[in-house]
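Source: prediction; values computed, not measured. Remember, it's 1-based here, ligands and their atoms both numbered in the order they're listed.
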Amino acid sequence: MSPGKTLLVLGSGPGIGRSVASLFASKGYTNLVLIARRAEQLEEEKKVVLRTVSSQVNIRTYATDVTHTHSLLQALDDADAAFGKPEVVFYNAARVLPSALLAHPVEDVEYDFKINVSALYVVSQRYIPHLVSLANADASSKPAFIVTNSALPHHPIPQLFNLSLVKAAQRNLAQSLNLTYASEGVHIGVINVAGQVSPEDKVRNPTRIAAKTWEWFEGAREKPNFEVVI
Ligand SMILES: NC(=O)c1ccc[n+]([C@@H]2O[C@H](COP(=O)([O-])OP(=O)(O)OC[C@H]3O[C@@H](n4cnc5c(N)ncnc54)[C@H](OP(=O)(O)O)[C@@H]3O)[C@@H](O)[C@H]2O)c1
C-alpha cells in the first residue's frame, strides 16, 4: 500500500475536478484516485495533474460510470488495495445539460438521479463508516466528504429542471449525512457553485473554486460549516 494521504475524485474532468485534484495533490494528498467514464479524458487528467504538481503524486484512474454500481465498487476495491481508503472523498460527477420541462425523457431524469444521488448514496455507504473510524483513530486526520452542488436546490431553472431536481435531492442527502456524522468528526459539506463555471469567469473559474474548496476544508474543524457558496 502506498504511504500518504488519498483523495478520491468521483467525476474527474477538466473543470472543477481537475483543479481540486491538483490543489489537494499540491497540499500533500499524494495519492489520487480519479473516476469518470472516458478513459482517454482520464489519461489527460492524469497528465495535467502530474505536469501541474511539482511534488511526487501517485495517480490511479478508473474509467467507470458511477451508476454502474458493480463496476464502481470493483474500481474502488482496486483503488483501496493500492492506496488504502481515502481520507477525502470529492463527489463531483454530474452532467450539466439543458432539459426541456415535460419534453425531457423520464429515462434521462432517472439516469441523472442515479449519478447525483444513488451513486452518492453507494459511495457514502462505503466510505462514511471508514471516515468515522479515521476520525476516532487519528486526531490529526481530516476525514472529509465533499459534494459539488449549486444554487439549483433553492433556485430551480426550468430549462435545467432535471439538474435542478436531482441537485435538490443530492443536497438533501448531504444534509442528512452532515446531521448524522459531523458530530462524529467527519467534515461533510457542499460546494455550491451558483452559476456557470468558466475559466474566464472572475468568480466561478475552476482555480478559484478549488481554492475556496480548500479554504472551506481547512477551516472546517475550527469553524464547522455545511456549505460554501461561490
Ligand atoms: N459546469 C458548470 O457550469 C457548473 C455550475 C454549477 C455547478 N456545477 C457542478 O460542478 C460539478 C462538475 O464540475 P464541472 O462542471 O467543472 O465538471 P468537471 O469537473 O470538468 O468534470 C466532471 C466530470 O464528471 C464526469 N461524469 C459525469 N457523469 C458521470 C458518470 N455517470 N460516471 C462517472 N463520471 C461522470 C464527466 O466525465 P465523463 O464524461 O468522462 O464521465 C465530467 O467530465 C457538478 O457537480 C456540477 O453540478 C457545475
Side-chain angles (χ1 to χ4, degrees), residues 7-24 32-46 48-49 52 60-76 79 89-99 107-123 145-157 159-171 173-174 189-213 216 227-230:
L7 169 73
L8 165 63
V9 179
L10 297 124
S12 170
I16 300 171
R18 177 186 293 180
S19 293
V20 166
S22 301
L23 186 58
F24 273 71
L32 296 182
V33 180
L34 306 180
I35 293 184
R37 290 165 301 184
R38 291 167 296 159
E40 219 170 276
Q41 184 62 37
L42 278 171
E43 270 315 298
E44 179 63 16
E45 294 312 309
K46 182 175 172 177
V48 173
V49 174
T52 311
R60 291 220 162 200
T61 62
Y62 297 92
T64 304
D65 187 319
V66 294
T67 70
H68 299 164
T69 306
H70 184 68
S71 331
L72 174 64
L73 293 176
Q74 268 184 344
L76 296 175
V89 175
F90 185 64
Y91 199 91
N92 187 58
R95 301 191 299 175
V96 183
L97 295 174
S99 48
E107 291 77 13
D108 277 359
V109 176
E110 288 162 356
Y111 181 53
D112 283 307
F113 188 88
K114 284 184 184 168
I115 298 173
N116 287 274
V117 185
S118 313
L120 173 63
Y121 182 66
V122 167
V123 172
F145 198 101
I146 310 169
V147 181
T148 328
N149 202 290
S150 63
L152 294 172
H154 297 303
H155 303 287
I157 299 174
Q159 294 79 3
L160 292 172
F161 86 91
N162 189 15
L163 193 59
S164 303
L165 76 89
V166 299
K167 285 295 181 190
Q170 181 181 69
R171 177 188 170 83
L173 173 56
V190 290
I191 308 301
N192 287 329
V193 182
Q196 205 170 350
V197 177
S198 151
E200 288 77 38
D201 194 285
K202 282 206 168 66
V203 177
R204 284 179 284 275
N205 61 74
T207 307
R208 185 166 182 275
I209 293 167
K212 289 281 169 195
T213 303
W216 170 86
E227 61 195 309
V228 57
V229 180
I230 302 165

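The side-chain heavy atoms of Ile115 and Val166, taken from C-beta on, include no pair separated by under 4.5 Å. In this structure the side chain of Thr213 never reaches within 4.5 angstrom of the side chain of Val228, judged on heavy atoms. Side chains of Tyr62 and Leu72 form no contact here, defined as non-hydrogen atoms less than 4.5 Å apart. With contacts defined as side-chain heavy-atom distances shorter than 4.5 Å, the pair Phe161/Val109 qualifies. Looking at Asp112 and Leu165, their side chains never come closer than 4.5 Å, going by heavy atoms from C-beta outward. Within the 4.5 Å cutoff, side-chain heavy atoms of Trp216 are placed close to those of Ile146. Between Lys212 and Ile191 the shortest side-chain heavy-atom distance does not fall below 4.5 Å. Contact annotation: the side chain of Ile209 never approaches that of Ser19 to less than 4.5 Å [non-hydrogen atoms, C-beta and beyond].
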- Task: Give the C-alpha distance, both sets of side-chain angles, the deciding distance and a yes or no for side-chain contact (heavy atoms from CB on, under 4.5 Å) between Val66 and Tyr91.
- Result: CA-CA 10 Å; Val66 294; Tyr91 199 91; 3.7 Å; yes
- Evaluate the side-chain hydrogen bond (donor to acceptor under 3.5 Å, both in side chains) criterion for residues Tyr111 and Asn162: first the C-alpha distance (whole Å), next the side-chain angles of each, then the deciding distance (0.1 Å), finally the verdict. CA-CA 10 Å; Tyr111 181 53; Asn162 189 15; over 6 Å; no
- Task: Please report the C-alpha distance between Val147 and Leu120 in whole Å, then the side-chain angles of each, then the deciding distance to 0.1 Å, and finally whether the side-chain contact (heavy atoms from CB on, under 4.5 Å) criterion is met.
- Result: CA-CA 9 Å; Val147 181; Leu120 173 63; 4.0 Å; yes
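Atom numbering of ligand 1 starts at 1 in the shown order; those under 4.0 Å from a heavy atom of Tyr111 are 31 (N). For ligand 1, the atoms lying closer than 4.0 Å to a non-hydrogen atom of Gly195 are 5 (C), 6 (C). Close approach of ligand 1 to Val197 is summarised as follows: ligand atoms under 4.0 Å from at least one heavy atom of the residue are 1 (N), 2 (C), 3 (O), 4 (C), 5 (C). The ligand atoms of ligand 1 that sit less than 4.0 angstrom from a heavy atom of Val193 are 6 (C), 7 (C). The distance from ligand 1 to the heavy atoms of Asp65 drops below 4.0 Å at these ligand atoms: 30 (C), 31 (N), 32 (N). Atoms of ligand 1 lying under 4.0 Å from at least one heavy atom of Ala93, given by number and element, are 24 (O), 35 (C). Of all atoms in ligand 1, numbered sequentially from 1 with element shown, those under 4.0 Å from a heavy atom of Gln196 are 3 (O).
Considering both main-chain and side-chain atoms, Ser150 never comes within under 3.5 Å of ligand 1 through any nitrogen or oxygen pair. Remark: ligand 1 and Arg18 share no N or O pair separated by less than 3.5 Å (distance only, no angle test). Residue Gly17 has at least one nitrogen or oxygen atom sitting less than 3.5 Å from a nitrogen or oxygen atom of ligand 1, judged on distance alone.
Within the 4.0 Å heavy-atom criterion, the part of Asn149 lying near ligand 1 is the backbone and not the side chain. Using a 4.0 Å cut-off between heavy atoms, Gln41 makes no contact with ligand 1 at all. Contacts of Lys167 with ligand 1, taken as heavy-atom pairs under 4.0 Å, involve the side chain alone. When heavy-atom distances to ligand 1 are checked against a 4.0 Å cut-off, Ile16 comes that close through both its backbone and its side chain.
Closest to atom 21 (O) of ligand 1, if we only count protein heavy atoms, is Gly13 CA, 3.3 Å. For atom 39 (O) of ligand 1, the closest heavy atom belonging to the protein is Arg37 NH2, 2.9 Å. Nearest protein heavy-atom contact of atom 32 (N) of ligand 1 is Val66 N, 3.0 Å. Protein heavy atom nearest atom 9 (C) of ligand 1, with residue, atom name and distance: Thr148 CG2, 3.9 Å. Nearest protein heavy-atom neighbour of atom 20 (O) of ligand 1: Gly15 N, 2.6 Å. Counting protein heavy atoms only, atom 38 (P) of ligand 1 is closest to Arg38 NE, 3.4 Å. The protein atom (non-hydrogen) at minimum distance from atom 34 (N) of ligand 1 is Ala36 CA, 3.5 Å. Closest protein heavy atom to atom 22 (C) of ligand 1: Gly11 O, 3.5 Å.
At least one heavy atom of Pro14 sits less than 4.0 Å from an atom of ligand 1. Taking a 4.0 Å cut-off on heavy atoms, Thr64 registers as neighbouring ligand 1.
Put simply, the side chain of Asp65 gets close to the backbone of Thr67: a donor and an acceptor are under 3.5 Å apart. Remark: the backbone N or O of Glu45 is not paired with any side-chain donor or acceptor of Arg18 at under 3.5 angstrom. Between the side chain of Ser164 and the backbone N or O of Leu152 there is no donor-acceptor pair closer than 3.5 Å.
Comparing Asn92, Val96, Ile35 against atom 44 (C) of ligand 1, the shortest heavy-atom distance belongs to Asn92.
When each of Val117, Val190, Asn116 is paired with Arg171, the side-chain contact (heavy atoms from CB on, under 4.5 Å) condition holds for Val190 and for no other.
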